[in-house]
Amino acid sequence: MKRKIGVVPRSDLVNKTQCVRDDIYRLDNNYCKRVLEAGALPLCVTPVDNWIPEESLAMYDGYVVQGGSEFYPYHFQIVHDAVVNHKPYLGICLGEQLIHAYFTMKQMAEEAGYQGDPVKAICALLEDRGPSFSVLERVQGHYRVSPPRGEEDVAKHDVSVVPGTILHRLVGKSTIRAASFHNLQVPPSQKLLTVNAWSADGVVEGVEYGDNLLGVQFHPELDDLLPEIFSFLIEK
């Protein structure tokens, strides 16, 4: 039986409008396509009011967290479930940054004395710190263009892959071409995760944790030229 991979959507609920029909989540087709091509079954993760019913998490054998612009409670639920139950997790762009945000803010919440469920503690910390709080760093020049279909290469640049990492084992190369669409990065100075890739200008292009959490800042879902990254989801 194929592995059931939960594809985690973006949310538009942070800026609610007066129209109830605007309360939506967004799922990008390319993520689902790459999961299916890798030999797994893509299933939409379905939050309700930005929280996932805990009972539904057991449905998924692993996760792909797609790009976006905001973290929500369900994002931290997903990475926590992957950590606790040792499920494969592939984070792309925001999903890569989420790995850093989860471990960093979990540590901050513990040090600040927040009690109880780690996900709720992280969310309480975020609420108390206010909307300007971030554990990420701003970066310039990594969101230059949104390419037309068939011209994906215009958004690509060289990414150096760190030997000995999961990413290096998957792609088997020291340099790959990948597309970037981001304005933030995991701080290069962080010590909680393993950095698996860098751009030429010193931006973190990927991180990983243990043997089941893999994140890339670039976008391998854009075309079918980096299928080996999605094969991570079906490894035994």
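Sequential numbering from 1 along the given sequence is applied to the chain's residues. Basis for what follows: all heavy atoms, side chains included, without hydrogens, waters or symmetry-related copies. Being a predicted model, the structure only gives us computed values, none of them experimental.
- Looking at Arg169, Lys87, Arg3 one by one, the single match for salt bridge (Lys or Arg N to Asp or Glu O under 4.0 Å) with Glu235 turns out to be Arg169.
- For the pair Val159/Arg177, no side-chain contact is recorded, criterion being any heavy-atom separation below 4.5 Å from C-beta on.
- Judged purely by atom type and a 3.5 angstrom limit, Tyr31 has no side-chain atom pairing as donor or acceptor with the backbone of Val8.
- Put simply, Leu214 and Leu233 are part of the same group of oily side chains (I, L, V, M, F, W, Y) that touch within less than 4.5 Å, one to the next.
- No donor-acceptor distance shorter than 3.5 angstrom exists from the side chain of Gln185 to the backbone of Val139, with no hydrogens or angles considered.
- At least one side-chain heavy atom of Lys156 sits less than 4.5 Å from a side-chain heavy atom of Asp223.
- At a cut-off of 3.5 Å, with distance as the only test, no side-chain donor of Tyr60 or Asp81 sits close to an acceptor on the other residue.
- Panel note: side chain Gln66, backbone Arg26; a donor-acceptor pair is recorded below 3.5 Å.
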Is there a side-chain contact (heavy atoms from CB on, under 4.5 Å) between Val45 and Met59 once you walk through the steps?
CA-CA 10 Å; Val45 174; Met59 295 171 49; over 6 Å; no
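- Residues Leu94 and His182 have side chains not in contact (no heavy-atom distance under 4.5 Å, counting atoms from C-beta outward).
- The backbone N or O of Ile166 sits less than 3.5 Å from a side-chain atom of Glu208, completing a donor-acceptor pair.
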Please step through side-chain contact (heavy atoms from CB on, under 4.5 Å) for the pair Met108 and Val135, ending with a clear verdict.
CA-CA 10 Å; Met108 293 174 65; Val135 296; 4.2 Å; yes
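- Val186 and Phe218 fall into different hydrophobic clusters, where Ile, Leu, Val, Met, Phe, Trp and Tyr are joined by side-chain heavy atoms under 4.5 Å apart, directly or via other members.
- When atom types are taken as modelled, the side chain of Tyr74 and the backbone of Thr46 share no donor-acceptor pair closer than 3.5 angstrom.
- Residues Leu226 and Val7 share a hydrophobic cluster, clusters being chains of Ile/Leu/Val/Met/Phe/Trp/Tyr side chains in contact below 4.5 Å.
- Aromatic ring orientation, His80 versus Tyr102: tilted (interplanar angle from 30° to 60°).
- Each of Leu57, Leu43, Leu213 was evaluated against Tyr63; a single residue qualifies, Leu57, per the side-chain contact (heavy atoms from CB on, under 4.5 Å) test.
- Residues Val161 and Lys173 have side chains not in contact (no heavy-atom distance under 4.5 Å, counting atoms from C-beta outward).
- Note that the CG atom of Leu41 and the CG atom of Asp61 stand 9.5 Å from one another [nearest 0.5 Å].
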Verify side-chain contact (heavy atoms from CB on, under 4.5 Å) between Val207 and Glu96, making sure each step is shown before the conclusion.
CA-CA 7 Å; Val207 297; Glu96 182 254 6; 3.7 Å; yes
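- By the 4.5 Å heavy-atom criterion applied to side chains, Pro88 and Phe232 are counted as neighbours.
- Checking side-chain atoms of Tyr209 against main-chain N and O of Val83 turns up no donor-acceptor pair under 3.5 Å.
- Grouping the Ile, Leu, Val, Met, Phe, Trp and Tyr side chains by contacts below 4.5 angstrom, directly or via other members, places Leu36 apart from Leu27.
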Does Trp198 form a side-chain contact (heavy atoms from CB on, under 4.5 Å) with Val204? I'd like the steps, not just the answer.
CA-CA 5 Å; Trp198 298 90; Val204 173; 3.7 Å; yes
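- Taking 4.5 Å as the limit, some side-chain heavy atom of Phe181 sits within range of a side-chain heavy atom of Tyr143.
- Tracing side-chain contacts under 4.5 Å through hydrophobic residues (I, L, V, M, F, W, Y), one reaches Ile122 starting from Trp51; they form part of the same cluster.
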Asp28 and Arg10: salt bridge (Lys or Arg N to Asp or Glu O under 4.0 Å), yes or no, with the steps?
CA-CA 9 Å; Asp28 291 8; Arg10 292 178 286 168; 2.9 Å; yes
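- The aromatic rings of His142 and His157 lie perpendicular to each other, with more than 60° between the two planes, well past the 30° mark.
- For the residue pair Asn50 and Ser11, the shortest heavy atom distance occurs at OD1-OG, 3.0 Å.
- Within the 4.5 Å cutoff, the side chain of Cys93 has heavy atoms near those of the His219 side chain.
- Taking 4.5 Å as the limit, every side-chain heavy atom of Ile234 sits out of range of all side-chain heavy atoms of Lys2.
- With His100 contributing its side chain and Gln97 its backbone, the two residues share no donor-acceptor pair below 3.5 Å.
- Remark: side-chain polar atoms of Asp158 are not paired, donor with acceptor, to backbone N or O of Ala200 under 3.5 angstrom.
- Of the possible donor and acceptor atoms, one in the side chain of Glu152 sits under 3.5 Å from a partner among the backbone N and O of Gly150.
- Across all non-hydrogen atoms, the minimal contact from Gln77 to Glu54 is NE2-OE2, 3.0 Å.
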